[in-house]
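First up is the structure itself, then whatever we jot down about it.
The figures here come from the full heavy-atom set of this structure, side chains too, leaving out hydrogens, waters and symmetry mates. Read the numbers this way: they start at 1 and go in the same order the structure lists the ligands and their atoms.
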Amino acid sequence: MSVLDDISVLMEKAFERISQADSLAALNDVRVSFLGKKGKITAILKDLGKLPVEERRQIGAAANNARSAIERRIEEAKDHLGSGDSRTFIDPTLPGTAQPLGHVHILNQVTDDICRTFYGMGFEIAHGPDIETDYYNFEALNFPPDHPARDMQDTLFVEGERVLRTHTTPVQVRELERRKPPIKIITPGRCFRNEAISTRAHVAFTQVDGFLVDEGISVSDLKGVLVAFCKAFFGEDVKLNFRPSFFPFTEPSAEVDVSCILCGGKGCQLCKYSGWLEILGCGMIDPNVLDTVGIDSEKYTGYAFGLGVERIAMLKYKINDIRLFFNNDVRFLSQFK
Ligand code: DAH
């Protein structure tokens, strides 16, 4: 056997040992035994000087090639070893890890549903700021300073005259100020009150207010739009009960109950055996409010209403604790994909 044959046999052996090596230490052993000071390829390179010129060139080139090839294989094998001492395999045929997709929060879904229903009846959508002035939140809505009606809404003051809005009704004032009748708008948004947090109350909650101002608007228009909304939202069979109430910005005012969606009005735990569930406040816009924004209350009249979105979502989806909306527990939220 010639030296050239020896070199190719050595190279094959080295490759075989590299392919079997399962640790960095084993790869190092291969390097030492072929390329180290006393390695087999090194020995051939060392003896080159003893050979005739012609053979020296040929064998030298072959031995150098073998050395580079073995080194390259060792480097490649290293790349395939994990940081530990065992091999890591990537199996491209295994199924991947699915990235869970988010979805619209249930409160936003219900808000969108409510808005869509009114949008279908010709209402535009308007938004206002979460931080309001006392003027828009109270004064322009006919709550005089120090009037006890302000106690109905336990208010979070930010600084001076600024408050976290306690309802979305201030957007009514903002829109009435900058438009001319006929004005037909709904105003979804977040509201804030200094409530003790419980199963039924939270410091942050969502409302949708709606209103219409035009010539010749009466209570029958208000009733008509609310009945249409409740039937679209809760089903054709739902009944409405208008109960007289008080809000500073409407006169007359009412609260509206719908027949219990669980028992249909027979009486159950949800409706506290009354057969009715309260869902909104409403009324005819107080002439004082129209005068304040510069709309002639002799010529124009209007109705307004305000819905609590959490309340409606809880009824529609039979949710028994308002805090669930805000705890960000995916087990709860993902039920409403
Ligand atoms: N803003 C009232 C509240 O938060 C709800 C309300 C009642 C809104 C009557 C209205 C309305 O627009 O006309 O308690």
Checking heavy atoms under 4.0 Å, the part of Glu255 that sits near ligand 1 is neither
Query raised in the report: Considering only heavy atoms from C-beta outward, does the side chain of Thr42 approach that of Lys37 to under 4.5 Å?
Result: no
Q. Under 30°, 30 to 60°, or over 60°: which ring-plane class applies to Phe233 and Phe229, parallel, tilted or perpendicular?
A. parallel
| message | Between ligand 1 and Phe211, can you find any atom pair, the residue atom being a heavy atom, that is separated by under 4.0 Å? | response | no
Going by the 4.0 angstrom heavy-atom rule, the piece of Phe305 near ligand 1 is backbone
A student checking ligand 1 against Gln172 at a 4.0 Å heavy-atom cut-off should list atoms 12 (O)
Logged contact type for Ala304 with ligand 1, heavy-atom cut-off 4.0 Å, is both
> Parallel, tilted or perpendicular: which fits the ring planes of Phe332 and Phe325, with parallel below 30° and perpendicular above 60°?
Replying inline: perpendicular
Would you call the rings of Phe246 and His147 parallel, tilted or perpendicular if under 30° counts as parallel and over 60° as perpendicular?
parallel
### Message
Counting C-beta onward and ignoring hydrogens, is there a side-chain heavy-atom pair between Cys191 and Phe205 closer than 4.5 Å?
### Response
yes
Only residue of Lys38, Arg17, Lys40 satisfying side-chain hydrogen bond (donor to acceptor under 3.5 Å, both in side chains) with Ser33 is Arg17
* Heteroatom distance test (Thr250, ligand 1): nitrogen or oxygen, under 3.5 angstrom -> no
Counting from 1 in the order shown, the ligand 1 atoms closer than 4.0 Å to a non-hydrogen atom of Gly281 are 7 (C), 9 (C), 11 (C)
Mind checking whether Met284 has a heavy atom under 4.0 Å from ligand 1?
no
Note to self: Can you tell me how the ring of His202 sits relative to the ring of Phe326, calling it parallel under 30°, perpendicular over 60° and tilted otherwise?
What the structure shows: tilted
So for Gln207 against ligand 1, with non-hydrogen atoms under 4.0 Å, the contacting part is side chain
When Arg174, Arg165, Arg190 are each screened for salt bridge (charged side-chain N to carboxylate O under 4.0 Å, His left out) with Glu132, the one that passes is Arg174
One finds that the ligand 1 atoms under 4.0 Å from a non-hydrogen atom of Thr169 are 1 (N), 8 (C)
In this structure, atom 3 (C) of ligand 1 is nearest to the protein heavy atom Arg193 NH2, 3.6 Å
Begin from the C-alpha positions of Glu75 and Arg31 and carry the test salt bridge (Lys or Arg N to Asp or Glu O under 4.0 Å) through to its verdict. CA-CA 10 Å; Glu75 287 311 312; Arg31 181 194 303 278; 3.6 Å; yes
of all protein heavy atoms, closest to atom 12 (O) of ligand 1 is Asp209 OD2, 2.8 Å
For atom 11 (C) of ligand 1, the closest protein heavy atom turns out to be Phe249 CE1, 3.4 Å
For ligand 1, is Met152 a contact, meaning one of its heavy atoms is under 4.0 Å away? no
